[in-house]
Amino acid sequence: MSRPSLTDEQRLDWLRLIRSERVGPRTFRALINQFGGAQAALEALPGLARRAGRLTLKVASRAEAERELAALHRLGGRFVAQGEPDYPRALLAVDTAPPLIAVRGSAEILSRPTVAVVGSRNASAAGGAFAERLASELGRAGYAVVSGLARGIDTRAHRAALPTGTVAVLAGGHERIYPAENVPLLDRIIAEGGAALSEMPVAWEPRGRDFPRRNRIVSGLSYGVIVVEAARRSGSLITARFALEQGREVFAVPGSPLDPRAEGTNDLIRSGATLCSAAEHVTSVLEPLIGRVASDEPVPPGLYRERRSAYAAEEELWDELDGFDAPPSSATLFEEEPATVPRNESDRDRVLALLGGAPVSPDELARQADLPIRSVQLALVELDMQNLVDRHPGNGVSRRAR
């Protein structure tokens with residue numbers, strides 16, 4: 001049974017506590033359990049710090065918390081606390097779930113069955129097209145599609161799920177959307193019945209380590225995680241590892257062994273993830289689990305919990321005691337290395353980046369590259385078709401392994 005909503009005063013105290021130095025989700029919960037509430041925990045923090053040998057510990061002030069609340073309200077958002085009716089039920093089962101999430105958009109969508117679709121930032125045209133088809137079909141089947149608002153597969157999944165509802169999990173605060181080019185997409189997500197959420201301070205600029213933080217929420221919100229394309233050192237595989245540790249189902253879309261963007265997904269399948277080549281491969285596994293959750297049973301463990309050691313990281317992906325007062329470094333604002341193709345790339349480079357091991361039609365290349373079909377055809381000629389691409393039945397083209 002859900003606990004009642006916090007009072008305004010309690011919400012301020014919760015926000016002050018989670019924004020205080022060296023307090024993360026696990027520490028927050030331990031303090032609440034030990035002292036019986038956030039106000040008492042705040043009063044005890046300085047003494048705890050002194051006993052631990054620290055001369056000072058920055059405790060978030062009431063004024064700082066009020067400013068953050070006001071900033072979020074100006075954006076049309078609100079803070080939702082663990083245990084409140086609008087807090088996503090699936091996320092409650094995660095032991096590192098954020099005590100407070102800043103939410104903009106629909107509360108209803110957070111109560112629906114959810115599935116995550118994630119993958120490469122530098123997606124192939126075939127991978128992007130499949131992500132769109134999958135997200136659209138899952139939406140029509142009643143699922144809200146969750147992703148991380150990144151370039152590539154995340155963006156394709158969000159766009160395809162706009163008519164049925166999608167949830168974007170942010171690595172930074174609501175005032176610091178990354179990547180900035182997806183601000184219009186985020187506005188559409190919220191306007192069309194979806195939602196955006198973040199655990200970070202409203203004005204927080206995302207750093208490299210904040211993306212794994214985000215990924216644990218992407219998986220925690222979802223009953224299953226589908227990885228469409230992922231290289232072996234991809235952030236999407238971090239999401240898959242979190243999903244396994246959280247008892248979620250992991251699905252992977254197989255790809256060409258000639259395409260590095262498929263190496264991670266093919267590895268997942270070899271290690272026991274469910275092969276996914278159609279939406280029904282996902283819904284047939286998740287429907288029994290969601291039925292149990294709907295009947296008020298605890299969120300059930302996934303089928304692959306026993307295999308999680310194959311993916312478990314050897315070290316913590318974020319520091320529980322990391323404070324929010326250190327200024328971010330401009331060198332760590334990227335989730336990965338910047339894309340190898342610059343954002344002002346030529347038509348030829350834009351087409352080349354979309355080619356992968358699977359055949360794709362010139363029309364699809366034109367749509368995803370946002371180019372006229374004639375420009376795509378000229379780019380393909382310029383790429384020296386004899387050496388770089390094969391022609392396939394169905395008027396498709398793909399990159400050949402070099």
Side-chain angles (χ1 to χ4, degrees), residues 18 24-25 91 94 96-98 101-102 116-123 131 145-158 166-183 185-186 189 195-222 225-246 248 250 261 264-265 268 311-324 326-340 343:
I18 195 59
L91 192 57
V94 177
T96 58
I101 52 175
V117 179
V118 299
S120 173
R121 288 190 311 133
N122 299 318
V145 173
V146 179
S147 202
L149 201 69
R151 299 184 182 106
I153 296 299
D154 290 24
T155 295
R156 302 291 179 186
H158 284 308
T166 182
V167 178
V169 183
L170 310 179
H174 283 276
E175 289 183 344
R176 296 289 185 270
I177 306 304
Y178 180 86
E181 69 204 52
N182 272 350
V183 169
L185 173 60
L186 185 62
I189 288 172
L197 61 87
S198 172
E199 68 173 325
M200 307 304 283
V202 173
W204 186 255
E205 189 86 43
R207 308 160 302 169
R209 70 190 305 167
D210 298 324
F211 293 92
R213 289 176 185 257
R214 175 205 62 188
N215 292 352
R216 89 188 194 284
I217 299 177
V218 170
S219 57
L221 278 173
S222 310
V225 172
I226 308 165
V227 185
V228 177
E229 283 186 338
R232 284 205 169 101
R233 295 184 61 83
S234 167
S236 300
L237 298 187
I238 295 175
T239 310
R241 286 198 294 269
F242 279 129
L244 289 161
E245 292 174 1
Q246 295 163 351
R248 305 306 196 243
V250 176
R261 289 169 291 201
T265 50
L268 284 173
Y311 303 102
E314 294 182 359
E315 68 276 345
E316 289 290 341
L317 292 172
W318 74 89
D319 183 359
E320 166 73 10
L321 301 180
D322 178 43
F324 289 111
S329 165
S330 60
T332 58
L333 297 182
F334 294 98
E335 179 175 6
E336 307 170 14
E337 290 297 317
T340 54
R343 303 309 296 171

Participant: To check you understand the geometry: which heavy-atom pair defines the closest contact between Leu237 and Leu268, and what is its length?
Facilitator: CD2-CD1, 3.8 Å
Participant: Within the side chain of Thr239, is there an N or O that forms a donor-acceptor pair under 3.5 Å with the backbone of Asn215?
Facilitator: no
Participant: Working to the nearest 0.5 Å, report the span between CG of Leu170 and CZ of Arg176.
Facilitator: 13.0 Å
Participant: To the nearest 0.5 angstrom, please state how far the CD atom of Glu181 sits from the CG atom of Leu186.
Facilitator: 13.0 Å
Participant: By side-chain contact (heavy atoms from CB on, under 4.5 Å), which residues pair with Ala97, not counting sequence neighbours?
Facilitator: Gln82, Tyr87, Leu91, Val94
Participant: With side-chain contact (heavy atoms from CB on, under 4.5 Å) as the test, would you mind laying out the steps for Val169 and Leu197 before giving the verdict?
Facilitator: CA-CA 5 Å; Val169 183; Leu197 61 87; 4.1 Å; yes
Participant: Without swapping roles, check the side chain of Arg248 against the backbone of Gly220 for a donor-acceptor pair under 3.5 Å.
Facilitator: yes
Participant: Return yes if some donor-acceptor pair links the side-chain N/O of Asn182 with the main-chain N/O of Thr155 below 3.5 Å, else return no.
Facilitator: no
Participant: With rounding to the nearest 0.5 Å, note down the distance linking OG in Ser198 to CD in Glu175.
Facilitator: 11.0 Å
Participant: With the threshold set at 4.0 Å, does a side-chain nitrogen-carboxylate oxygen contact exist between Arg216 and Glu199?
Facilitator: yes
Participant: Given side-chain contact (heavy atoms from CB on, under 4.5 Å), test Val118 with Val227 step by step and report yes or no.
Facilitator: CA-CA 5 Å; Val118 299; Val227 185; 4.1 Å; yes
Participant: Over all heavy atoms of both residues, which pair between Pro206 and Phe211 is shortest? Give the atoms and the distance, please.
Facilitator: CB-CZ, 4.1 Å
Participant: Between Arg151 and Pro179 (side chain of the first, backbone of the second, donor and acceptor by atom type, cut-off under 3.5 Å), is there such a pair?
Facilitator: no
Participant: Using modelled atom types only, decide if a donor and an acceptor are shared between the side chain of Arg214 and the backbone of Gly148 within a distance under 3.5 Å.
Facilitator: yes
Participant: For Ala230 versus Ser236, what's the shortest heavy-atom pair and its separation?
Facilitator: CB-CB, 4.0 Å
Participant: Applying side-chain contact (heavy atoms from CB on, under 4.5 Å), name anything that partners Ala157, two or more places apart in sequence or on another chain.
Facilitator: Val117, Ala135, Val145
Participant: Do Val225 and Val218 have side chains that get closer than 4.5 Å, going by heavy atoms?
Facilitator: no
Participant: What heavy-atom pair brings Ala102 and His174 nearest, and what distance separates the two atoms?
Facilitator: O-NE2, 2.8 Å
Participant: Just to verify, what does Thr166 make a side chain to side chain donor-acceptor pair (under 3.5 Å) with, not counting sequence neighbours?
Facilitator: His158
Participant: Say you draw a straight line from OG of Ser234 to CD1 of Ile153; how long is it, rounded to the nearest 0.5 Å?
Facilitator: 10.0 Å
Participant: Asp210 versus Trp204: any side-chain heavy-atom pair under 4.5 Å?
Facilitator: yes
Participant: By side chain to side chain donor-acceptor pair (under 3.5 Å), which residues pair with Ser219, not counting sequence neighbours?
Facilitator: Gln246
